[in-house]
Amino acid sequence: METGFGHADDIAISVRGLTKIFGTRKVVDGFDMEVKKGAIYGFLGPNGSGKTTTIRMMCGLLTPDAGEGHCLGLDIVKQSREIKKRVGYMTQKFSLYEDLTIAENLDFVARMFDMPNRKQQVLDAVRDLGLEGRAHQLAGTLSGGWKQRLALAACMIHAPDLLLLDEPTAGVDPKARRDFWDEIRRLSAKGVTVLVSTHYMDEAVQCDHIAYIAYGKKLIDGAASEIPGQIGLHTFVVTGPDLTPLEERLKQDAAAGQVIRFGAELHVSGTDKAALEALAKRETAHGSHEWRAKKAGLEEAFIYLMAGARDNFGAELEVVS
Amino acid sequence: MSGRGRFFSWASFAGVLIKEFIQMRRDRVTFAMMIGIPVVQLLLFGYAIDTDPRHLPTLVEMTEESPILHALTTAMDTSEYFDFIGVSTSEAESDLALRDGRATVILTVPPGFDRDMIRGLRPEILLTVDASDPVAAGGAIGAINGVVNTAIAQSLTGPLAFAAGAPAPFDMVIHRAFNPEGKTSTNIVPGLLAVILSMTMVMITAVAIVRESERGTMESLIATPVTPAEVMLGKIIPYVFVGYVQTLVFLIAARVLFDVPFEGAFLAFFLGFNLYIVVNLAIGFLVSTMARSQMQAMQLSFFTILPTILLSGFMFPFAAMPGWAQALGTAIPATHFLRVVRKVMLKDGGLREVAPDMLAIAVILVVVVIVALRRYRQTLD
């Protein structure tokens, strides 16, 4: 029975109540989400929070135990094969064949999608990568950054409408990561919808929309600029001499919820606005530092969320800035 | 969406097939193994194994010369089973020789043998054989009576003819059917095809499938519209091809190096080895559903090799095994394929003769495929 939702022209993904159970563990629990066409949507959350499982259900790789939805207007349960033809999925680990050359890998993927004029597509992809001279080099001999770009080229070869990236730049150096994201932006500008899971801050800030997941549940969902507001985060920027002793002292103070050092600044954030303002007033009166209120940014929000996740799970998380 | 390639896409299938061939070609060690294993095994087993050993070092224990005995030892010498290495004069000396391995056979002749025999006292000659390895001694024991009778009959002529006694009133003629010379290689070499195919097919398939999930490439593969049927067929067919190459190597070696006949119908052989290759690939597929890493796949594959060698009738006679072991052996495809190959190559067998064995392999195939598919489904989600 058609429920009628998710068919709007400008919606790429629309799911309701997605649930997945592995054994006795609810990995994803009643997940709702809507992704607009052409958006870059970020999936934030600690390891094991259900990001990958959710992505796989949304594009028909996994069958949900409960819930329903549409991806590119196709039913995620009944039309998974049709969805796969229009989706590019890039896994966290390099998942091309290291013992095949660059051209052979692209050719293989093109065959999997049963593409007409395959040879031309492969040539174009190699040229777009700027790897014409190295088409016959084994993929295993490429550097981490190049592997990532090759993997992206491979999952773009059939010109999908939706790109799913599962922690795409894990273990890639910052320069290569920036190049990679330039490419993602270009694709997004061409109208490709991008869904990316990450726990890197510099990837999170590239996203237009962000959903935060923990325990398989979506806790926060909104435009990137609205996220600090949704959390209710307020921030003061502290400048002045001898920031390090101050930082140590503030970290013991319950009123200063979160203290982060950004070069010559301390960003003190918290959800209790009154307590924070009282702290700022007290410190300004007694100390030699300048306290200035600032609209909380995505950086503060990201670290706040990730720190909270660490408290909940006891798991170490990488926060790279 | 067009309906093209909805149920089976030839392009995807061909893609997997081509990829497997390229990977096979690049992986030189595995590739060398696929051809090297059959060749080395054929050479090793074909030339090295002989279950009818000759030239056993033999010691004669006697205290006096005896003309009749001389005739006997000459006859034994010419039989090729016994090589006389010397004479021992005491029981202690022969016992030591047997223990330290200098001699495998001791022929003990009592004092006064000639005299007692001529008197008709039926003296006893003792033949002591080192039976710590029964196979090594078997041929010699089987041959000795014939050798002795002939030798004695030849020396007891003229005035001594009365002592020879009357020969049996009939002649027993022995015909070694299908292997007149009793050559071990005629038995071992055809059996080797079963062992080689099972060893390489099971292991290579299992490893090739597990490698895909171990390296993480399976994940991006299932994200494409390719179906499990296209993947499985594309991955397995290259190894069917390898099986063909191995069979060809085997046939050439059997004919050129070991002079093993090929008496029967090639069609029966052809159908047999195809069925056998398929059942081994299915076993490899089953192994791959149980293993998480290539190393595990390798170990599990090795686990299937020992029964194939020991219980199938390849090394030791199937008929000599106890009932429970025969029951185990019956569950092994190699047991039946071995019979197919021996029937066709040695016994001039055709489709009618091998039909029961083919049926048995087919039953095993069905069981393995059902179990493997059930396991494969469980691992999908």
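The model shown is predicted, which means the values in this text are computed figures rather than measured ones. A note on names: the letters A, B, ... follow the listed sequences, proteins ahead of strands, and every chain is numbered from 1.
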Report the C-alpha distance between A:Y89 and B:E219 in whole Å, list the side-chain angles of each, state the deciding distance to 0.1 Å, and finish with yes or no for side-chain contact (heavy atoms from CB on, under 4.5 Å).
CA-CA 9 Å; A:Y89 178 55; B:E219 202 184 345; 3.2 Å; yes

Calculate, to the nearest 0.5 Å, the distance between atoms [atom1] and [atom2] belonging to [X] and [Y] respectively.
X: B:W10; Y: A:R111; atom1: CH2; atom2: CZ; answer: 14.0 Å
X: B:L221; Y: A:T91; atom1: CG; atom2: OG1; answer: 11.0 Å
X: A:Y97; Y: B:K19; atom1: OH; atom2: NZ; answer: 3.5 Å

Heavy-atom cut-off 4.5 Å, strictly under: side chain, backbone, both or neither for B:V231 against chain A?
neither

Below 4.5 Å from any heavy atom of chain A, which atoms of B:R215 appear? Answer side chain, backbone, both or neither.
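Both backbone and side chain.
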
Got a donor-acceptor contact below 3.5 angstrom from the A:K84 side chain to the B:I222 backbone?
yes

Is the backbone N or O of A:S95 less than 3.5 Å from a side-chain atom of B:S220, with the two atoms forming a donor-acceptor pair by type?
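Such a contact is found between B:S220 side chain and A:S95 backbone.
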
Considering all heavy atoms of both residues, which atom of A:F108 and which atom of B:G15 are nearest to each other, and what is their separation?
CD1-O, 3.5 Å

Are A:R81 and B:T227 packed together at the side-chain level, in the sense that at least one heavy-atom pair is separated by less than 4.5 angstrom?
yes

Lys/Arg N to Asp/Glu carboxylate O, A:E98 vs B:R26, below 4.0 Å
no

Select one option (side chain, backbone, both, neither) describing which atoms of [X] are under 4.5 Å from chain B's heavy atoms.
X: A:T101; answer: both
X: A:L138; answer: side chain
X: A:R118; answer: neither
X: A:L96; answer: backbone

Atom [atom1] of [X]: over 12 foreign heavy atoms under 6.0 Å:
X: B:M290; atom1: CE; result: yes
X: B:Y244; atom1: OH; result: yes
X: B:F266; atom1: CZ; result: yes
X: B:F31; atom1: CZ; result: no
X: B:F241; atom1: CZ; result: no

Donor-acceptor pair between A:D114 and B:S12 side chains, under 3.5 angstrom
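The answer is no; no qualifying pair exists.
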
Identify which of B:V226, B:V16, B:D27, B:I18 forms the greatest number of heavy-atom pairs closer than 4.5 Å to chain A.
B:V16

